[in-house]
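See structure below.
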Amino acid sequence: MPGSRTGRPPVQRAAKRPDMFRFPRDNPVARLLTRTRRAWDRPLTAYYLILGGSLLITVLGLVMVYSASQITALQMSLPGSYFFRKQFLAASIGTLLLLVASRMPVKLHRALAYPILAGAVFLMVLVQVPGIGMAVNGNQNWIALGGSFQIQPSEFGKLALVLWGADLIARKQEKRLLTQWKHMLVPLVPVAFLLLGLIMLGGDMGTAIILTAILFGLLWLAGAPTRLFVGVLAIAAAIGVVLIKTSPNRMARLACIGAADPGPNDQCWQAVHGIYALASGGLFGSGLGASVEKWGQLPEAHTDFIFAVAGEELGLAGTLSVLALFTALGYAGIRVAGRTEDPFVRYAAGGVTTWIIAQAVINIGAVLGLLPIAGVPLPLFSYGGSALLPTMFAIGLLIAFARDEPAARAALAMRQPRFGRKRAGGPAGPRRRNTMRRRASAARSSGER
């Protein structure tokens, strides 16, 4: 063996082991993963996820409302499409609100925070006025608008807390006041407790839980210290325990978690039949409109327990699709909140995402028997115009924020309108080539891939 220049024998290098977890470059799986990663990192991914996911959930919700509400409407001597027509009207108005909110500038959203908060508080006070407010299912939280139309002001309280809280914390962050605990809590927590008190006067524990989740989401995004966060959480938990202990109805709902039979006096009837509906759906369901539980066995089939009807008629595939859509919507909201440099956009996007995902988790958890029945609808999916309108306006907020990202603005600006183009070879041919050249250079500078 020949020696080296130093006289020492050459070092024997170990052969490089092949990487068993790395795909070859020509592997179709590797190409698919690469394309998926590139598409996932594009500036408009969050925009498309929010817009497409929310529209798919709304359309699928309309279909399931029509299917789940027919028997209830006929039992009430109403046309079979009665609830569907009302929900379709609310979805049409909500779509207009979504489009308006998605085109509004951020400054206008901030300017609307205080009027929306004042209007929500005023309507929630009117709920407690005799002759104006009305009780539905034991909760005094509705206002009759005439005919069969009603409004639930507490649903607009969620939107009010998100906008007003985001504007308040953003202004305090600009003045560097969030390092002091009194500026962190005041007046955010007192106003939130005012809304919670007005809601609890009507007995609506489910909406109060959602409002509390929004408050904690805003405090967490604002960087509240752990001891402060835990302190507010402990106070809210203590108040919740007292409210549950003093209400036999809430104690009965808590006892129905994981129930396998209706129990004495059928107190767990709704929870158990929700499980029956999911269990009988199988992998692909019994077919659209073929649910058995909606024939008087499952109460609130088109509102709080519409997910159970979807599981029975669409099966595991349908329920997993709904979960995937909400997951995509939540991821897109977190991405918008994490990539922006505007404090108001960060807090508002985080608050809206917390609101929608927390409400979806509470509703689906109750249907699955993992959480107590809170009486909250599945966002964008369940029947109820009062819940649908503010939720679609909040989705419009997320779309506006996703469009307002610098990279997303550049990607949208590079697009050429589909209509009004001149054919190639005409007098505008050279100008079009120059435009495309400038567009390509702009894509490289903005990071669009």
Side-chain angles (χ1 to χ4, degrees), residues 38-55 57-58 94-117 158-175 178 214 217-218 220-223 328-357 379-380 389-417 439 442-449:
R38 289 179 178 177
W40 199 255
D41 291 336
R42 291 193 176 190
L44 293 176
T45 298
Y47 170 76
Y48 287 131
L49 285 178
I50 296 171
L51 180 60
S54 59
L55 291 181
I57 295 173
T58 305
T95 303
L96 294 177
L97 292 177
L98 184 147
L99 294 176
V100 170
S102 65
R103 294 294 179 175
M104 289 169 55
V106 175
K107 292 183 179 179
L108 185 54
H109 285 302
R110 300 186 68 168
L112 290 176
Y114 283 87
I116 293 178
L117 177 64
K158 304 172 186 177
L159 178 63
L161 181 60
V162 168
L163 285 177
W164 177 80
D167 178 70
L168 175 69
I169 299 176
R171 286 189 289 107
K172 290 195 173 187
Q173 179 176 339
E174 293 170 358
K175 298 179 181 180
L178 293 181
I214 295 174
L218 291 175
W220 184 77
L221 290 171
L329 190 60
Y331 166 80
I334 294 174
R335 175 168 169 168
V336 171
R339 293 194 174 190
T340 184
E341 297 180 357
D342 190 334
F344 172 78
V345 173
R346 181 182 305 112
Y347 299 134
V352 170
T353 306
T354 303
W355 161 15
I356 295 176
I357 299 304
L380 302 172
L389 295 181
T391 305
M392 295 195 74
F393 187 88
I395 294 295
L397 285 177
L398 290 180
I399 293 175
F401 298 156
R403 290 170 55 94
D404 198 52
E405 292 183 7
R409 282 201 308 265
L412 291 172
M414 286 188 300
R415 292 185 172 184
Q416 189 174 4
R439 206 172 276 166
R444 289 192 295 269
S445 61
S446 64
E448 173 76 358
R449 285 181 277 177

Kindly determine whether Glu405 and Thr340 satisfy side chain to side chain contact (heavy atoms under 4.5 Å, CB included), including the steps that lead there. CA-CA 7 Å; Glu405 292 183 7; Thr340 184; 5.6 Å; no
Closest non-hydrogen atom pair between Leu329 and Ile57, with its separation: CD2-CD1, 4.5 Å
More than 12 non-hydrogen atoms from neighbouring residues, nucleotides or ligands closer than 6.0 Å to CZ on Arg171, yes or no? yes
To the nearest 0.5 angstrom, please state how far the OH atom of Tyr47 sits from the CG atom of Leu398. 13.0 Å
Distance, nearest 0.5 Å, that separates CD1 of Ile356 from CD1 of Ile214: 9.5 Å
Can you see which heavy atom on Gly351 is nearest to which on Leu221, and at what distance? N-CD1, 4.2 Å
Nearest heavy-atom neighbours spanning Ile50 and Ala332: CG1-CB, 3.4 Å
Salt bridge (Lys or Arg N to Asp or Glu O under 4.0 Å) contacts touching residues 330-357 (sequence neighbours left out): none
Just one of Ile169, Leu168, Leu163 clears the side chain to side chain contact (heavy atoms under 4.5 Å, CB included) bar with Phe344, so which one? Leu163
Does the Ser102 side chain pair with the main chain of Leu99, one donor and one acceptor, at a distance under 3.5 Å? yes
What is the minimum heavy-atom distance between Ser54 and Thr58, and which atoms define it? O-OG1, 2.8 Å
Test of understanding: with ring pair (Phe, Tyr, Trp, His ring centres under 6.0 Å), list the residues that count as partners of Phe393, not counting sequence neighbours. none
Qualifying residues under side chain to side chain donor-acceptor pair (under 3.5 Å), relative to Tyr347, sequence neighbours excluded: Gln173
Tell me the closest heavy-atom pair linking Arg110 and Ala170, and the distance in Å. NH2-CB, 3.8 Å
Enter the distance from Ile399:CD1 to Leu51:CG here, rounded to the nearest 0.5 Å. 4.5 Å
For the CD1 atom of Ile395 and the OG1 atom of Thr95, what is their distance to the nearest 0.5 Å? 11.5 Å
Tightest non-hydrogen contact, residues Ala408 and Pro43, listed as N-CB, 3.8 Å
About how many Å separate CZ of Arg103 and CG of Leu98, when rounded to the nearest 0.5 Å? 11.0 Å
Interatomic spacing from CG in Leu397 to CE in Met104 - rounded to 0.5 Å: 7.5 Å
